[in-house]
Structure formats: C-alpha cells, structure tokens
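In what follows, a structure is listed as structure tokens, so that the remarks can point back to it.
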Amino acid sequence: MRYSKLLIPTLREEPVEAEVVSHRLMIRAGMIRKVAAGIYTYLPLGLRVIRKVEQIVREEMNRAGAQELLMPMVQPAELWQETGRWGEYGKELLRLKDRGEREFCLGPTHEEVITDLIRGEIKSYRNLPQILYQIQTKFRDEIRPRFGLMRGREFLMKDAYSFDRDEQAAKASYDKMSKAYHRIFERCGLKFQPVEAESGVIGGTYSQEFMVLAETGEDSLVACDSCGFAANVEKTQGKTCPRCRGRLITHRGIEVGHVFMLGTKYSEAMKATFLDHNGKEALSVMGCYGIGIGRTAAAAIEQNHDTKGIIWPLPLAPYQAHLIPVNEQSERVMITSELIYGTLSNLGMEVLIDDRSERPGVKFNDADLIGIPYQILVGEKNLADGRVELKERRTGKITKVTTEEVIDLVKKLVLPDARPDES
RNA sequence: CGGGGUGUAGCGCAGCCUGGUAGCGCACCUGCCUUGGGCGCAGGGGGUCCCCGGUUCAAAUCCGGGCACCCCGACCA
C-alpha cells in the first residue's frame with residue numbers, strides 16, 4: 001500500500017491521557033482514536049493488526065475442531081433471568097429497552113445465548129461434543145476503563161463454548177482449547193505463562209489464565225522456579241510452591257486469555273439436556289474459553305517497544321516490510337523503489353511504501369514509530385554504489401545490499417510467516 | 001462507587017487569582033526553498049473558551065448547578 005493514500009495520523013507529541021506505553025504508542029502510531037471512555041475506533045493500521053490476531057486465533061480454533069458462528073450483541077433479559085445473572089451481574093451489564101419497553105442487555109459474554117441455541121438443537125449424545133466460537137464485540141460497563149485497548153468497555157473477544165456428554169469428555173475439550181491457546185500465543189510471538197486461577201462471576205469448577213509477561217501488567221502471578229507451577233496471586237498464599245515446596249517468584253502479567261471448566265451450571269439452569277446412550281436425559285457439561293483480541297495486540301506492544309516506538313512481532317505487524325524512498329524527487333530512487341515494491345507485492349508480501357513528499361527524518365521517525373519489522377531504505381547515497389539498505393527495526397542493524405539481494409533477503413525473512421492478505 | 005484533577009483551535013498548553021480586542025508551540029493551507037533522522041523563510045485559515053443559569057455596563061475569567069474526561073483504590077478478556 002501507498003502511505004500517501006492511507007489514513008495514518010501519527011503524532012509527534014505524547015498524548016497526556018495515555019498512561020501505559022501500548023496505549024500511548026497506539027495513539028501516536030495512528031492505530032486507534034478514542035470515541036468515549038473505553039470505546040475506540042480502530043483506524044486502518046490498527047485494524048490490520050487486529051485482523052492478524054483474529055486470523056491466528058481463527059486458524060487455531062478451526063485446527064482444534066471448533067466451529068465459528070456469530071451471535072448477537074443485543075440479548076433479551078429473559079435468557080439472563082433464567083440463569084439468575086440478570087440480578088447477579090450488576091452494573092457492568094449495560095441494560096436497555098426497546099420501543100415496546102422490553103428489556104435487553106449488551107452482551108458482556110454469551111453463555112446464555114449459546115446454551116439457548118444448543119438446548120434447542122442438540123438432543124442426542126451422538127451430536128456431542130460441540131465446540132463453537134465467535135469473534136465478536138463485547139460490552140462491559142467497566143467501573144473504570146483505562147489503558148486504551150487493555151481495558152475498554154467495548155472490546156473484541158474470541159469466545160468459545162464446549163458442550164460434552166460427561167466430565168471426562170469435557171476435560172478433553174478443555175485440554176484441546178488449552179493446547180490451542182498455547183499455539184495461538186506462541187504464533188503471536190509473545191512470552192506468556194498459563195496460570196491457575198479462580199473462576200469469578202462466570203462460575204464453574206476450575207480455570208486457567210494465560211498471562212503475557214510484562215512489567216506494566218495489571219495482574220500479578222507467581223511461578224515456581226523448580227517445578228513450573230504457576231498461579232495468579234489470589235490463588236496462592238505463601239512463598240513456597242504447593243506442589244514441590246520450591247521457591248515462588250512474582251511476575252507482572254496481562255491476562256489475554258482465560259479457559260474455564262463450567263460444569264453444568266448453565267446447562268442445569270437452562271435445562272440444556274440430551275439423551276445419552278441409555279436413552280436417559282443428561283445435562284451437557286460445558287466449558288468456555290475467551291481471548292481478548294485487542295488486549296493481545298496491546299500486550300504485544302507492552303512486550304515489544306523501545307523509545308522510538310513499536311516493534312511488531314512479524315506475525316502481528318500491519319505490514320511486513322516498509323519501503324522508504326529517501327528522496328522521492330530523485331528519479332533513480334523512485335524507479336528502484338517502485339521496482340522493489342512491485343516485486344515484493346507480487347510475491348504476496350504486505351509492503352508499505354512511503355511515497356509521501358516528506359523529509360527523510362519524518363519518514364524515518366514514522367517508520368520507527370509504526371514499527372514494521374523490516375525497513376528498506378532507498379537513497380541516492382547508496383544507490384551510487386548500486387545498493388539499498390535493509391534495516392531490522394528491532395536491532396537497528398543495517399545491511400547494504402543490491403536490489404536483487406534485498407528482494408531475496410526479505411523474501412526469506414518474511415515469507416515463511418506470510419498469510420494471505422485478507423483485506 | 002469513594003478520593004484527587006482537568007475541560008480554551010486537530011494535539012500540547014498559557015490566559016482565570018486581579019472581569020474589558022482569545023493567545024502560544026506543533027499540526028493544517030499557499031508560495032519559495034530544502035531532501036539521509038521530526039529543515040528554513042513569508043503569508044494564511046481555523047474557536048458555541050464543556051453545557052445551563054446567575055452576578056455585572058461587560059464573563060474564558062466571579063458565583064450556583066449539571067455533564068464529560070483523566071489519575072489513584074475494590075472486579076474482569
């Protein structure tokens with residue numbers, strides 16, 4: 001894509017409202033803009049990153065045998081009254097009435113809706129297990145939204161729900177999802193730690209949180225230095241590991257995913273039953289599994305940035321290569337740039353070419369801020385020797401090579417991770 | 001929801017105490033100039049001073065009420 005045609009409103013100055021680095025950098029890099037407290041517009045660059053996260057999540061959910069569906073954001077009060085959560089959920093549940101004075105809420109989660117679906121459609125053990133997921137906008141009227149996409153009121157979440165014939169089968173679904181989560185966060189290029197956790201308002205028997213390790217994280221977790229046990233702080237008292245009595249070390253983290261064994265809490269309340277192989281009525285055993293999409297993107301920035309800006313892990317980068325003609329008035333620079341741009345694009349790469357009529361310093365600084373992992377600099381200076389520069393954003397390392405070589409190099413660096421361009 | 005703070009141009013702020021022509025930097029537009037790290041010169045556009053009410057000859061400024069947003073504490077992907 002051509003920079004001059006894109007809406008990427010970068011800012012030189014620090015937005016004062018933003019406290020944490022991911023929030024600041026997302027605003028400065030022109031990825032998001034605030035509409036109201038905890039409610040944001042994703043600009044083109046931000047949306048591309050969101051789509052990258054979504055796509056990885058989608059691929060791994062599908063690989064694990066989950067099926068994608070899409071449920072409504074507006075949900076009728078009746079379903080919530082059935083489980084008793086209309087009364088329990090409190091002010092975080094944003095309630096509204098339609099023109100006929102019927103009560104609804106904006107969905108903060110979808111156990112009621114999915115259980116309603118399944119009880120109507122699944123009547124036999126032969127149709128179990130079912131794992132269904134969606135990537136959808138949630139609304140939780142948080143007491144105090146903050147930190148940009150890290151804790152918004154409106155946010156994108158992948159939520160999955162499993163239905164099984166018994167505890168044992170449910171555990172298998174749970175393990176499948178847990179394994180998928182490991183793959184997802186690995187593929188996103190994040191350092192993370194699964195921890196044992198409480199199950200909170202969602203209810204259920206046990207749960208695991210997936211924490212991205214970052215100093216600025218809102219959550220604390222403890223990890224054993226000898227046996228690998230890890231838990232969130234509420235779950236563990238004491239300084240010694242409950243498993244092996246080793247030493248527990250505290251870390252900060254950002255909760256990006258959560259897997260729950262729900263048991264029969266919802267199937268019982270909503271009478272989601274099926275006939276087992278003896279023809280006897282039985283309750284579905286459920287699990288639910290969330291991933292904060294925007295929060296994952298924000299966590300990636302918390303973990304990958306420097307004083308100049310964002311350093312995207314390649315799989316989440318809005319573009320894979322950032323081509324900078326240093327002086328767009330030089331014919332030679334432009335011819336070489338266009339050649340590289342065309343060739344890389346034809347190879348299926350996502351290339352951003354900065355064709356703006358800006359001074360070099362502006363382009364360099366914007367490039368470092370936006371944080372695309374590979375920059376290709378084309379300027380008179382090196383072109384005199386028939387060379388261009390390949391700069392790695394993370395290390396700042398510059399390699400001077402010929403045009404043919406840079407195409408070959410970037411191809412090798414980028415294509416093993418290349419995904420089809422969804423836009 | 002409690003405590004603290006802010007609301008003036010797209011962004012960052014000054015002006016408010018002591019009422020009297022609404023300002024500065026960045027960004028934006030035009031022209032010239034410049035092109036390897038956020039150039040330079042000249043000209044220019046842009047404001048319900050958060051909203052409602054009050055005091056006053058006169059309110060961004062003083063008073064009352066409301067709203068929004070930010071920060072600190074208990075819940076959550």
Side-chain angles (χ1 to χ4, degrees), chain A residues 9-20 23 27-28 30 33-39 53 57 88-93 108-110 135-160 181 184-185 197-202 207-212 217-219 232 234 253-260 288-299 308-309 324-330 333-334 356-369 375 377-384 388-389 391 396 398 400:
Chain A
T10 57
L11 303 177
R12 295 184 184 202
E13 291 174 53
E14 293 284 328
V16 278
E17 78 202 42
E19 190 68 6
V20 298
H23 188 195
I27 294 170
R28 284 196 57 210
R33 287 293 184 265
K34 187 175 66 184
V35 176
I39 299 176
V53 178
V57 168
E88 287 164 17
Y89 216 93
K91 297 189 92 172
E92 217 172 272
L93 191 64
T109 178
H110 281 68
I135 297 174
Q136 192 244 18
T137 300
K138 296 282 183 279
F139 195 94
R140 294 182 186 172
D141 201 356
E142 291 278 344
I143 293 166
R144 186 149 102 83
R146 60 186 135 173
F147 304 155
L149 298 193
M150 203 89 98
R151 183 195 287 282
R153 291 194 292 172
E154 184 179 300
F155 59 98
L156 278 169
M157 177 165 128
K158 184 285 297 179
D159 48 324
Y181 275 37
I184 287 166
F185 297 119
E198 304 284 356
S199 33
V201 232
I202 308 274
S207 82
Q208 239 185 345
E209 290 170 352
F210 285 75
M211 307 281 247
V212 166
E218 280 192 276
D219 302 289
N232 75 8
E234 297 93 72
I254 300 160
E255 184 190 348
V256 290
H258 206 152
V259 295
F260 294 91
C288 77
Y289 317 93
I291 290 179
I293 301 291
R295 186 181 279 188
T296 300
K308 306 226 75 174
I324 302 174
V326 172
N327 176 356
E328 76 289 340
Q329 291 186 355
S330 154
V333 165
M334 288 319 287
R356 294 176 302 169
S357 173
E358 285 288 353
R359 298 185 59 85
V362 173
K363 293 187 180 184
F364 295 148
N365 282 309
D366 276 340
D368 289 343
L369 176 61
Q375 298 174 10
L377 315 184
V378 182
E380 287 282 3
K381 219 164 73 179
N382 287 293
L383 227 43
V388 299
E389 291 163 67
K391 179 179 156 189
I398 290 173
K400 297 185 183 181

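In the text below, chain A, chain B and the rest are named by the order of the sequence lines, each starting its count at 1.
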Requested in this report: Provide the distance between the two C1' atoms, one in B:C39 and one in B:G19, to the nearest whole Å.
Outcome: 43 Å
Between [options], which nucleotide has the shortest distance from any of its atoms to the side chain of [X]?
X: A:Thr10; options: B:A77, B:G38, B:G37; result: B:G38
X: A:Ala37; options: B:C76, B:G73, B:C70; result: B:C70
X: A:Arg359; options: B:C69, B:U34, B:G36; result: B:U34
X: A:Glu218; options: B:C75, B:A74, B:G36; result: B:C75
X: A:Asp368; options: B:C75, B:G37, B:C72; result: B:G37

Tell me if the side-chain of [X] makes a donor-acceptor pair with the base of [N], cut-off 3.5 Å, by modelled atom types.
X: A:Asn327; N: B:G36; value: no
X: A:Glu13; N: B:G25; value: yes
X: A:Arg146; N: B:C70; value: no
X: A:Arg151; N: B:C75; value: yes

Requested in this report: Report yes if the side chains of A:Pro360 and A:Asn327 come closer than 4.5 Å at any heavy-atom pair, otherwise no.
Outcome: no
Query raised in the report: Would you say A:Glu380 and A:Val326 make side-chain contact, with heavy atoms under 4.5 Å?
Result: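 Side chain of A:Glu380 against side chain of A:Val326, heavy atoms only: no contact under 4.5 Å found.
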Query raised in the report: Sub-3.5 Å donor-acceptor pair from the side chain of A:Lys363 to the main-chain atoms of A:Pro325, do we have one?
Result: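 Side chain of A:Lys363 to backbone of A:Pro325, a donor-acceptor pair under 3.5 Å: yes, one is there.
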Query raised in the report: Are the side chain of A:Tyr181 and the backbone N or O of A:Val259 linked by a donor-acceptor pair below 3.5 Å?
Result: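 No, the answer is negative, given that no donor and acceptor are paired below the 3.5 Å cut-off.
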Query raised in the report: Between A:Gly152 and A:Lys34, which has a closest nucleotide on RNA chain B that is more 5'?
Result: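 That would be A:Lys34.
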Requested in this report: Find which nucleotide of RNA chain B each of A:Phe155 and A:Pro360 is nearest to by heavy atoms, and output the residue with the more 5' nucleotide.
Outcome: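 In this pair, the answer is A:Pro360.
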Requested in this report: With heavy atoms under 4.0 Å as the rule, sort A:Arg28 into base, sugar-phosphate or nothing.
Outcome: base
Query raised in the report: Can you tell me how far P of B:C28 sits from CZ of A:Arg356, to the nearest Å?
Result: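 From A:Arg356 CZ to B:C28 P: 10 Å.
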